Amino acid sequence: MAKRIQFSQHGTSEVLQYLDYQPAEPGPHEVRVANRAIGLNFIDTYYRTGLYPPPALPSGLGTEGAGVVEAVGSAVEGFAVGDRVAYATGPLGAYSELHVLPAEKLVHLPDSISFEQAAAVMLKGLTVQYLLRQTFELKGGETVLFHAAAGGVGSIACQWARALGVRLIGTVSSAEKAARARELGAWATIVYSHEDVLQRVLELTDGAKCPVVYDGVGQSTWETSLDCVAPRGLLVSFGNASGAVTGVNLGILAQKGSLYVTRPTLAGYADTPQRLQAMADELFGMIESGKLQVDISNRYPLKEAAAAQDALSARQTTGSTILLP
Ligand SMILES: NC(=O)c1ccc[n+]([C@@H]2O[C@H](COP(=O)([O-])OP(=O)(O)OC[C@H]3O[C@@H](n4cnc5c(N)ncnc54)[C@H](OP(=O)(O)O)[C@@H]3O)[C@@H](O)[C@H]2O)c1
């Protein structure tokens, strides 16, 4: 018997229950992981509210964690009982003491990376890897716009951009978050609660705008983001923190400068064990080299997941939040 967070209906964080749970025996290609630390992500709130439908209710929650392999299925190769592992995608249910998932979703965790560090960066750091290194392959020297720059994904993006020699303009909602983003490596910040983002981007780029804009905020920033993309540049719309972008008239891309838009997901980039491992190797290398400091700003006991989600949704957090089973 183990404890986990479960929900049986969609709604506010009040639907999250901390319950006894009997994890299944792993299937032939699965492993059971005893979680030591669990990552909290905005996507978890989308499943809770129903913006992203879970496969069934009642449902577990969460897709990111790190721990020790406790049992392996008969056909699993490459992982054994006792291995230190981490994961960022896969079936819902990471908010749990024990999680059963396909072995192909796991990576081996180097001894240099703690369970807490891994739970704080697997999903967010792999996301930054593909955003900055694959969706738009930054070479260094570019000026890019990145929304919510002091958040979980944003804190990693600021540091990774600095390491690449990229000038990251980060938007944030407060002066305190602006200071944090600059500390982490943002080249400039815009407090979008009271500054005009387009005007500031024009000033900061001498009118050139940005070859790529990264937007995880969604509905409230969509139009401004398009305005900040240079002609024939790319808008990467990768999240819905303020609500989903819907009902887009494609003609807007023509009007605003023959723009490109993509709506990527981590699962779409880390879609084979080989690609997942290569992305994780690069992420762990960034940590081992000291270029990326893991910023765990908030720790909650697993049973207080609802309070952790409320803080994230209310924009009270910076960096990563982890849950401890
Ligand atoms: N597609 C993918 O592969 C992928 C992977 C990981 C994450 N994501 C997305 O990336 C975004 C960031 O995720 P995260 O887990 O690191 O969260 P986070 O950035 O730590 O938190 C979200 C931030 O968004 C900003 N925000 C703007 N409007 C908001 C609103 N109405 N309500 C709440 N927050 C608002 C807030 O920063 P300010 O106060 O500074 O505005 C807030 O701190 C999310 O949209 C998430 O879904 C996508």
Side-chain angles (χ1 to χ4, degrees), residues 12-13 38-49 51-52 61-64 88-90 94 119-135 145-160 169-182 184 186 189-195 197 213-222 224-225 235-245 261-271 275-276 279 283 294-298 308-323:
T12 66
S13 64
I38 298 153
L40 181 86
N41 292 283
F42 222 92
I43 190 172
D44 308 339
T45 69
Y46 305 151
Y47 283 111
R48 191 200 73 216
T49 60
L51 178 66
Y52 293 177
L61 193 56
T63 57
E64 179 181 38
T89 60
V121 297
M122 273 298 283
L123 197 153
K124 301 167 196 71
L126 292 177
T127 299
V128 173
Q129 195 285 336
Y130 85 72
L131 290 176
L132 272 54
R133 305 272 296 124
Q134 301 189 62
T135 307
L145 183 66
F146 203 108
H147 290 303
V153 176
S155 292
I156 298 171
C158 288
Q159 299 180 67
W160 207 311
I169 304 171
T171 69
V172 287
S173 62
S174 69
E176 294 73 26
K177 287 188 178 185
R180 184 67 192 134
R182 282 196 303 273
L184 291 167
T189 47
I190 303 173
V191 182
Y192 53 6
S193 44
H194 66 259
E195 288 186 277
V197 175
V213 172
Y214 296 102
D215 187 344
V217 170
Q219 199 175 60
S220 67
T221 46
W222 164 254
T224 307
S225 291
L235 171 57
V236 185
S237 177
F238 68 96
N240 322 286
S242 68
V245 177
V261 173
T262 182
R263 177 61 178 87
T265 64
L266 174 57
Y269 278 81
D271 60 344
R275 272 196 277 273
L276 169 64
M279 291 165 69
L283 172 63
V294 180
D295 179 16
I296 305 174
S297 303
N298 310 279
Q309 286 202 350
D310 285 344
L312 184 66
S313 301
R315 306 164 82 152
Q316 287 164 1
T317 60
T318 58
S320 295
T321 299
I322 58 171
L323 305 173

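Since we're looking at a predicted model, the values are computed, not measured. We use all heavy atoms of the structure for the numbers below, so side chains are in, but hydrogens, waters and symmetry mates are not. In what follows, residues are counted from 1 in the order of the sequence shown. First listed ligand is number 1; within each ligand, the first listed atom is number 1.
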Please check this pair: side chain of Tyr269 against backbone of Gln134, looking for a donor-acceptor N/O pair closer than 3.5 Å. no
Mind listing the closest non-hydrogen atom pair of Ser173 and Ser193 along with its distance? O-OG, 2.9 Å
Between Leu283 and Gly125 the two heavy atoms that sit nearest each other are CD1-CA, 3.8 Å
Just one of Lys124, Arg180, Gln159 clears the side chain to side chain donor-acceptor pair (under 3.5 Å) bar with Asp295, so which one? Arg180
For Asp310 and Ser13, test the side chains for any donor-to-acceptor distance below 3.5 angstrom and give the result as yes or no. yes
Please check if the side chain of Ser297 supplies one atom and the backbone of Thr318 the other of a donor-acceptor pair under 3.5 Å. yes
Protein residues near ligand 1, heavy-atom distance below 4.0 Å? Asn41, Phe42, Tyr46, Leu123, Thr127, Tyr130, Ala148, Gly151, Gly152, Val153, Val172, Ser173, Lys177, Tyr192, Gly216, Val217, Phe238, Gly239, Asn240, Ala241, Ser242, Arg263, Pro264, Thr265, Leu266, Leu312, Ser313, Arg315
